[in-house]
Enquirer: 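Structure in structure tokens, see below.
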Amino acid sequence: MNQRIADWYEKYGDRVCTLAKELWEVSEVAMEEFASCRATAEFMAEQGFQVTTFHCCDNTKDPNTVVAQWGSGSPVIGFIGEYDSLPGLGQSVSPYPDPIEGNGQGCGHSLMAPSCGSAAAALKAAMEAEGLSGTIKFFACPAEETVEGKMHMVRDGVFDGLDCCLAWHPQNHGLKIRENIQNSLTNMKVEFFGTSAHAAVFPEKGRSALDACELMNVGVNYLREHTEPTTRIHYSYLSAGEKPNVIPRYAALHYFVRTKDLKSNYEMFERVSKCAQGAAIMTETEYKITVNAMVSGCIQIADFNQFFYDSAKKVPPLTYTEEELAFARELFANVHGREPAAGEEVISTELIAPTHQHINSPSSTDVGYVTRMTPTSRMFGLGVVNGAPMHSWAAVAAVGHPIGLKSAVYAGKCQAQCGYDIVKNPEVIKAWRADLDAQLEKEGEVKIIFPERIN
């Protein structure tokens, strides 16, 4: 491991943990990461970066996005962090369910911005000490949970000019390269507009927007019979009327449509849209569809993934104290309903080699579109007890505990080391770029619907 990077973490490791705990405590949901943005921007400014903050999609609101830059020339290396939380997942740092009011970091994003930002800062320290040229960019991105934030940033050119990009995400297993492609996804809002009337006295005068929503959902549920096995469609109500004796003039739905690739995703979006159109015809209502985001699966660059793993092997392994492991064992028992078996690992510190098997997975991320712009490699794992479900109380508790905080520091070291190895051998980027271009050419042009900026 590069000694300058190790020295930086020796000096600032506690500061990384402090920031991670601060983001865990504030736990702001997608598009509302205002305090998280300020805290992260302050950290990057402390480390000598030129920092810009803004709201990713609405100029009338406080900033929720950070872009921090240092250096000049090539290579231009990006680090992606996130910090949005999940609504209703408030949980204390306890090894048992102990809900508290508010949001919770059930996906571990409070660890990501500090970890990935620290990697950028540690790499800067090494480059300064050794007189190495190149540009470092760190992005603290909002709204990953709704796959919106990076799409706005892509639309506005925030990621333009990168030669390559790195990231890390916590997970309930050892540390490895995220080699799955992940599904493409359309995040869409469907609104229906009808006519209000007294539901008992003048039912013939009303045209129910709620009826339209329900008929659309019936249509989509029948549509599921005629989709590929990798397709996932899920929805919730945004509005369903106020009182049962008033025919609702307005009702709305929130849909996520996931498929294996962008081409099939756009086709499925069109089919779901026809269900909305049909429901509007049947109920004599009007409808409007708003695409909040349309994101692709992740393009994998196998040689880059191997390079990242080889760099991570240079970093001394993550270790936990007996007290930290005792917490993990108790949490494990409460998650799984049993004590760990003899020799069973409850929280992994293993670094796992890549398989170079790139398959679809049901989940989606707005990192997908970044992988279409520049060669990107991401690690995931650590920080959460083995087998504990993400988006649960158990993940929230672990992420706020030292077992989560220490994983952010370790993963930051791995990213910083990889960035350093790229700076020392920038020629590798050419092959990664050629691989990406070949995959994009094979895919062909695909229609993307970008959300519009407000104001």
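In this chain, numbering begins with 1 at the start of the sequence shown. Because the structure is a prediction, the values reported are computed rather than measured. Computed over heavy atoms, backbone and side chain alike; hydrogens, waters and symmetry mates excluded.
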Enquirer: Taking atom CD of Q50 as the centre, report whether more than 12 heavy atoms of other residues, nucleotides or ligands fall under 6.0 Å from it.
Expert: no
Enquirer: Just checking F79 against F139, ring centres under 6.0 Å apart?
Expert: no
Enquirer: Mind checking whether W70 and F138 have ring centres under 6.0 Å apart?
Expert: no
Enquirer: Hey, does the side chain of N305 reach the backbone of E179 with a donor-acceptor pair shorter than 3.5 angstrom?
Expert: no
Enquirer: Hey, what's the ring geometry for H358 with H356, parallel, tilted or perpendicular (30° and 60° as the breaks)?
Expert: perpendicular
Enquirer: What do you reckon, are the aromatic ring centroids of Y255 and H234 less than 6.0 Å apart?
Expert: no
Enquirer: Taking D163 for the side chain and P75 for the main chain, is one N or O donor matched with an acceptor at less than 3.5 Å?
Expert: no
Enquirer: Tell me, yes or no, whether the heavy-atom count around D14 atom CG, taken from other residues, nucleotides or ligands under 6.0 Å, exceeds 12.
Expert: no
Enquirer: Inspect the contact between E33 and R38 and indicate whether a charged nitrogen and a carboxylate oxygen are less than 4.0 angstrom apart.
Expert: no
Enquirer: Under the 6.0 Å and 45° cation-pi test, does K11 pair with W8?
Expert: no
Enquirer: With a sphere of 6.0 Å drawn around CD of E101, does it hold more than 12 non-hydrogen atoms of other residues, nucleotides or ligands?
Expert: no
Enquirer: For K313, does the NZ atom have more than 12 heavy-atom neighbours from other residues, nucleotides or ligands under 6.0 Å away?
Expert: yes
Enquirer: Checking the side chain of D156 only, and the main-chain atoms of V158 only, is there a donor and an acceptor separated by less than 3.5 Å?
Expert: no
Enquirer: So S264 and T259, side chain to side chain donor-acceptor pair (under 3.5 Å) or not? Walk me through it.
Expert: CA-CA 6 Å; S264 62; T259 63; 3.1 Å; yes
Enquirer: For the residue pair F380 and H173, categorise the inter-ring angle as parallel (less than 30°), tilted (30 to 60°) or perpendicular (more than 60°).
Expert: perpendicular
Enquirer: Indicate the ring-plane relationship of F34 and H55, choosing parallel, tilted or perpendicular according to the 30° and 60° boundaries.
Expert: tilted
Enquirer: S85 side chain to E28 main-chain N or O, any donor-acceptor pair under 3.5 Å?
Expert: yes
Enquirer: Between T231 and T227 (side chain of the first, backbone of the second, donor and acceptor by atom type, cut-off under 3.5 Å), is there such a pair?
Expert: no
Enquirer: Measure up the Y235 and Y237 rings against each other and bin them: parallel (under 30°), tilted (30 to 60°), perpendicular (over 60°).
Expert: perpendicular
